[in-house]
Amino acid sequence: MIVALELLPIFQWLGELLGGLGLPASWIDPIRYGALGVMMFGILAVVALFLVWWERKIAAHIQQRFGPMRHGWHGWYQTIMDAIKLLQKEDVRVATRDKAVFFWAPVVGFVAAFLAYIVIPWGDGLIVADLNIGILYIMAVTTFTVISLLMAGWGSHNKYALLGGMRSAAQVVSYEVPMVVSVLTVIIFVGSLSMVDIVKSQQGLIFNWFVFRLPMGPLAFLTFIVAATAEANRTPFDIPEAEQELVAGYNIEYSGMKFAMFFLAEFVNMFTVSAVAVTLFFGGWNGWEFVPSWIWFLFKTLLVVLLLMLFRWTYPRLRVDQLMEFAWKFLVPLTFANLIVAGIFKYLGWYW
Amino acid sequence: MAELRTEEFVVNMGPHHPSTHGVCRLMLTMDGEIVTKIEPVIGYLHRSIEKICENRTYAQCVPLMDRVEYVTAMSCGYMFAGAVEKLGGIEVPLRAQYLRTIMLELNRIASHLLFYGVTAMDIGAYTPFLYGLRERELIIDLFEETCGQRLTYNYIRIGGVSQDIRPDFVPKCREALNVISAKMSDYTGLLNENPIWIHRTKGVGVLPADLAKAYGVSGPNLRASGVNYDIRRNDPYLLYDKFDWNVAVRPNGDCFDRYMLRLDEIMQSIRIVTQALDGLPDGEIMAKGVTVNYKAPAGEVYHRVENSRGELGVYIQSDGGKKPVRVKIRGGSYNSLMVLPHFATNRMIADLVAIFATLDVIMPEVDR
Amino acid sequence: MGILNDLKALAQGLGIAGKHLGRHAVTIQYPEQRDEIPERSRGMVVLLSDKETGELNCTACMLCERTCPSSAITIDAPRGEDKKKQLAQFIVDHSLCCFCGMCEEACNFSAIKLAQKYEFSMLKASDLIWDIKTLQQWGKDVPYEDTRRRKNPVRKVGAAAETEGANMTKDSEPEDGEEKKPARTERKDKPAPAAEPVNKEEGQQ
């Protein structure tokens, strides 16, 4: 059920324009899809740039200083200047690298980050493609980042990068399990994997949101947000990026635009997991009608992003073995227990 | 089936550090993630201060002593001045002694605030660094208004102090101390009960008391291992035996105790400074008869001070001339660094970072 | 329960960080805003000039050169044909100077001071070696308390003769019944080498 292409007037106009130009019908749809993809890419690039700026400002104000102030009002185009700076840096390539793997690692990471946005519901009727396996598709696609981490670690021909890449791959894979199981806890009550259905089942009052409605909603949200922080490689789980650790991360041999791709992919990933959290737990784009639905969605997602940023700038870092222990010995049993309780509740009908 | 053979490899935790420990090089032999051997390589910050002092008059040595350990420069200045006064039998006026005590304790608070920030940053929490430095600014501003410099003061001279405090020093100092005690709840609330912090520091890097004593570790590192030894109490100098304060001791000797002990010491130092400000007498600030060309009588003396990092001591040998014959300085960080390979091995590298951070080693004192 | 305590501690940490979000920053935007420098702050070394004639106050007594622990000051003061002291050149090497202020304390003639200025970074290290003209220029607008009992600047030759106001001050006679000078930089009772009345011969050792 494709929604955006049909409903958004700009794409209808584009379709008529192309039809009027005399193009055969089999060409019109791909061109319209292509235009939609370019628009999504543009939106996400702007979102990523905004998030980078916002993180620096939030971090600065938590620490009672100013952050970027020079480029524009309160430094709003600082990120654009940083991107231009990274563009003109020399692309340092290790001579003994594995050429294809080294080149494709940032591309794979970048693509994997963006692929998830096919099913993110930005508002009422604003979704690229409402696949009926929506949430499962997101969980599957976000796992692609593991491949990019391993490729980056291997292709750099650097034993520390390899160790760092394997550590972060192990971390991401371990925290997939609690994340998926927390999602399942909510899906049991929705009955469908489609993102639009999930949002629609939270319509109505604020108490219809799954975080308040379900008896295990808050716990599922907490475990989801912890697992999502680990997925996005953010403190307190940012072993791969920490400078104080000796074995540096997977991206130490990358410079210039390749490094920028990893960096942007991380922020896009952060936005993805926040958007998924909002869709599942906070009612998606539901809200008072006097404000358009996409504003509600953005507002709620940015609040969850703010929470993730607060985590980063408040908490110290977990040690690697403590991280894995926390995932396997604590989160996995907890989320499974939560799921079983949710199943019992659904079976007995003890929910509203 | 062939046995899996793993190799140990040597990693250089190089002189350049992401954290402000100074230029210290640690050669780590690692087996996978575990550190099996640590070898510190020092000397990157050696400035031959002791040799230079042999060619300077006693008054000219005083600004040089600030550079021995610039985070607590007041203690270093007092260490030297106190040694020469012991050698020459100079009587320091009471007001100067009060001022010296106040400055030394304020310097201790500033140093421990810096420790708090840097340790938190090493373990991954970035925000406490800025909070600690924000409070340290209050103390540094006080120093700048009194003697003109923020880090290397040249304030404590042989025979007294160089300048009297300004009239607004006492109220500003009290206000700064109030702010710091109020903010301590912020500091402790951010980290003390944080489960991540506790997992990273409790039980990690236990320094046994007998090992610490065998290596001559002193100061907060020793007291965190349960040994009740503080030079201000055991071998008093200045006015410490006149004030009412406690020696902070902690039983376990792990990273958490070393961190908590320094926060305890900040509170005790606030007590001392408050009492000193209350009892500050009028009078002179410099002993009579001490000029710039002071010549110490022949003899030798060893004078020690309880620095934020341990026992800071100087041995001066004089033959009655204008310049000392030999000046030997002893810093507490040296012993803390040298005991590191003996209790921090067989741990993961993240633990080594935490242990090294809580030992509060400052390299200028190690290398001089 | 342990878990609840942990959650409470974590939330408390978030609260402490979050409450700073609304507070004003404690930093300033340098160089548009500058911090107020305290009066006693020790910055660059400058040579002071007489407030009326503009001549350098220095008498080439060499006390600052001897006191400096870093040997940053070099004074060229040859004796003239009449065996009187002359000042030819005064060089301060700011790359050696450790800003301790001992030269300012040693000077009895309000001739050298550590001004409050701190912005003097140069691109080349050799640009940090300042001669007498540069030192006088930097010291032009530095406020100071003139504690000399009378003005007896030395004759200036060579490079010093090209400074402003060189050789313009007349030797002024000591006034009758003048009192002891106020202490320099608010110090009390520190017996400086010039506690006794100074006459020309003793000051020019």
Side-chain angles (χ1 to χ4, degrees), chain B residues 52-53 56-57 59-64 66-67 93 95 125 127-128 130-131 133-134 137 141-150 152-155 157 159-166 185-198 283-293, chain C residues 2-21 23 25-27 35-43 63-64 66-72 97-106 113-116 118 183-195:
Chain B
I52 292 179
C53 281
R56 301 276 184 275
T57 64
Q60 284 175 332
C61 280
V62 173
L64 204 49
D66 282 337
R67 275 97 180 143
R95 183 177 171 87
T127 321
L130 277 300
Y131 292 166
L133 282 183
R134 178 190 62 194
E137 273 299 300
D141 281 345
L142 281 173
F143 286 153
E144 192 178 7
E145 285 173 14
T146 307
C147 64
Q149 279 281 354
R150 291 160 57 90
T152 50
Y153 312 109
N154 196 18
Y155 182 64
R157 307 291 178 83
V161 295
S162 71
Q163 289 160 293
D164 208 346
I165 53 176
R166 293 165 65 97
S185 65
D186 261 358
Y187 302 155
T188 50
L190 253 185
L191 290 181
N192 275 23
E193 289 178 24
N194 195 327
I196 307 175
W197 183 262
I198 293 183
E284 299 146 11
I285 52 165
M286 194 69 165
K288 287 240 188 297
V290 179
T291 64
V292 168
N293 301 317
Chain C
I3 306 287
L4 288 179
N5 277 342
D6 285 349
L7 282 177
K8 192 166 80 92
L10 288 174
Q12 188 186 22
L14 274 185
I16 293 180
K19 80 179 176 192
H20 282 90
L21 273 179
R23 292 200 189 157
V26 296
T27 53
D35 211 6
E36 215 184 284
I37 307 290
E39 193 193 315
R40 296 186 189 176
S41 197
R42 303 201 293 253
L63 273 177
C64 56
R66 279 188 287 171
T67 309
C68 178
S70 321
S71 315
C97 173
C98 66
F99 304 98
C100 59
M102 312 260 293
C103 53
E104 179 185 349
E105 290 173 20
K113 185 172 162 67
L114 263 67
Q116 291 171 337
Y118 53 91
R184 284 187 299 279
T185 61
E186 299 157 52
R187 272 202 318 265
K188 296 186 219 171
D189 287 336
K190 178 166 179 179

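Every heavy atom of this structure was used, including side-chain atoms; hydrogens, water molecules and symmetry mates were not. In what follows, chains are A, B, ... by sequence order, proteins preceding strands, each numbered from 1.
Looking at R150(B), neither its backbone nor its side chain comes within 4.5 Å of chain C, counting heavy atoms on both sides. Interface residue K19(C): only side-chain heavy atoms are found under 4.5 Å from chain B. Neither the backbone nor the side chain of L64(B) comes within contact range of chain C, judged by heavy atoms closer than 4.5 Å. Using a 4.5 Å cut-off between heavy atoms, Y153(B) touches chain C through its backbone atoms (N, CA, C, O) alone.
Looking only at heavy-atom pairs under 4.5 Å with chain C, the residue among D186(B), T127(B), T146(B) that has the most is D186(B). Top candidate by heavy-atom pairs under 4.5 Å with chain B, chosen from G43(C), G101(C), G13(C), C98(C), is C98(C). The residue among E193(B), E144(B), E137(B) with the most heavy atom pairs within less than 4.5 Å of chain C is E144(B).
R42(C) places no side-chain N or O within 3.5 Å of a backbone atom of G148(B) that could act as its donor or acceptor partner. Proximity of a side-chain donor or acceptor of E145(B) to a complementary backbone N or O of R40(C) within less than 3.5 Å is not detected.
Taking each heavy atom of Q60(B) and P69(C) in turn, the nearest pair found is O-CB, 3.5 Å.
Distance check, rounded to the nearest 0.5 Å: OG of S70(C) to CZ of R56(B) gives 7.0 Å. From E105(C), atom CD reaches atom CG of N154(B) across 6.5 Å, with rounding to the nearest 0.5 Å. Expressed to the nearest 0.5 Å, how far CG of D6(C) lies from CD1 of I196(B) amounts to 9.5 Å. D141(B) CG to D35(C) CG: the interatomic distance, rounded to the nearest 0.5 Å, is 7.0 Å.
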